[in-house]
Amino acid sequence: MTEQVTSEATPQRRSWLMALPLIVFLALAALFWLRLGDGDPSRIPSALIGRPAPQTLLPPLQGLTNDGAQVPGLDPAAFKGKVSVVNVWASWCVPCHDEAPLLTELAKDSRFQVIGINYKDAPDNARRFLGRYGNPFAAVGVDANGRAAIEWGVYGVPETFIVSRDGKIAYKLVGPITPDNVTSVLLAEIDKALKAGS
């Protein structure tokens, strides 16, 4: 009789062991789905918040002029004493086209400066992009190889940083500037940076 009980338990144990990998897989899949779907990618924390902006000199976008003068490249010294909005963009970036008119509106506010980092872009395409939408940038640094974007901790374009008067990164917006976040998020963070330095 004991042999019969043992032989009945073995098939049950085998079916349970065969189902175990499927159960583990489903549990992991549910965990990943919940974590990936949980949250706003624009709220990804940045290790650079509160730290000095990267001291990376970037050359200007050749041929980009304002009132007949070459628009300068990125010089970290320009951050000292001014609140700066630094936008990482490219002409091939679809959301960059959507946010361009909002950046142009932001640039009309003289309380801060708007600076661009042109990421892995062809100079002709970048100039055409700014010709189409207008140039909101007081300076445009060319990051041809993507090294500066790595130093800034960029996940992908577009991204926007607020640099306070003391040259430290005060805020990072991952993703495009939109009508929904320009006032409620970006301008609110700019106002905080302006008040902190006054």
Side-chain angles (χ1 to χ4, degrees), residues 40-44 46-49 51-80 82-110 112-163 167 169-182 185-187 189-190:
D40 180 359
S42 67
R43 295 187 182 274
I44 297 171
S46 173
L48 297 178
I49 302 293
R51 295 185 147 181
Q55 298 298 300
T56 308
L57 286 166
L58 291 175
L61 178 58
Q62 290 301 318
L64 181 63
T65 59
N66 186 9
D67 295 328
Q70 172 71 44
V71 173
L74 178 64
D75 183 352
F79 297 137
K80 295 290 183 184
K82 296 178 186 173
V83 171
S84 304
V85 175
V86 180
N87 181 257
V88 184
W89 64 280
S91 65
W92 48 262
C93 159
V94 174
C96 296
H97 288 262
D98 296 335
E99 76 174 3
L102 295 168
L103 274 169
T104 302
E105 282 301 309
L106 274 176
K108 292 177 182 175
D109 192 329
S110 61
F112 54 88
Q113 63 183 347
V114 180
I115 295 175
I117 296 177
N118 184 233
Y119 177 73
K120 292 186 176 182
D121 208 351
D124 289 342
N125 293 341
R127 283 191 300 275
R128 270 195 294 278
F129 178 92
L130 295 175
R132 178 178 179 185
Y133 296 110
N135 179 13
F137 306 116
V140 177
V142 175
D143 185 17
N145 62 8
R147 182 75 191 147
I150 291 170
E151 292 177 11
W152 279 84
V154 171
Y155 295 104
V157 290
E159 287 190 14
T160 305
F161 298 83
I162 298 171
V163 180
I169 296 175
Y171 181 75
K172 176 182 180 178
L173 176 69
V174 176
I177 299 168
T178 65
D180 292 335
N181 67 23
V182 70
V185 177
L186 196 60
L187 282 172
E189 293 294 334
I190 291 169

Within the structure provided, determine whether [X] and [Y] are in side-chain contact (heavy-atom separation under 4.5 Å).
X: V182; Y: E105; answer: no
X: F137; Y: I115; answer: no
X: Q55; Y: P76; answer: yes
X: L57; Y: L74; answer: no
X: L187; Y: L106; answer: yes

Roughly how far, to the nearest 0.5 Å, is the [atom2] atom of [Y] from the [atom1] atom of [X]?
X: L102; Y: L186; atom1: CG; atom2: CG; answer: 9.5 Å
X: L48; Y: I169; atom1: CG; atom2: CD1; answer: 4.5 Å
X: E189; Y: I162; atom1: CD; atom2: CD1; answer: 5.5 Å
X: K120; Y: N145; atom1: NZ; atom2: CG; answer: 7.5 Å
X: D121; Y: D143; atom1: CG; atom2: CG; answer: 11.0 Å
X: T160; Y: K172; atom1: OG1; atom2: NZ; answer: 10.5 Å

Under 3.5 Å donor-acceptor, [X] side chain and [Y] backbone:
X: Q113; Y: V85; result: no
X: W92; Y: N125; result: no
X: N181; Y: P176; result: yes
X: N135; Y: L130; result: no

Could you pull out the closest heavy-atom pair between [X] and [Y], with the gap in Å?
X: G167; Y: F79; answer: CA-CB, 4.2 Å
X: P72; Y: P60; answer: C-CB, 3.8 Å
X: A78; Y: S84; answer: O-OG, 4.4 Å
X: L61; Y: Q70; answer: O-NE2, 2.8 Å
X: G146; Y: Y119; answer: CA-CE1, 3.7 Å
X: P136; Y: V114; answer: O-CB, 3.6 Å

Practice problem: Go through W89 and Y133 one step at a time and tell me if the ring-ring contact (aromatic ring centres under 6.0 Å, His included) criterion holds. | Solution: CA-CA 13 Å; W89 64 280; Y133 296 110; 9.7 Å; no

Practice problem: Determine the sole option in L58, V154, V157 for which the side-chain contact (heavy atoms from CB on, under 4.5 Å) test with I117 is passed. | Solution: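 Result for side-chain contact (heavy atoms from CB on, under 4.5 Å) with I117: L58.
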
Practice problem: Measure up the F129 and H97 rings against each other and bin them: parallel (under 30°), tilted (30 to 60°), perpendicular (over 60°). | Solution: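 Perpendicular.
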
Exercise. Please lay out, stage by stage, how W152 and V88 fare under the test side-chain contact (heavy atoms from CB on, under 4.5 Å).
Key: CA-CA 10 Å; W152 279 84; V88 184; 5.6 Å; no

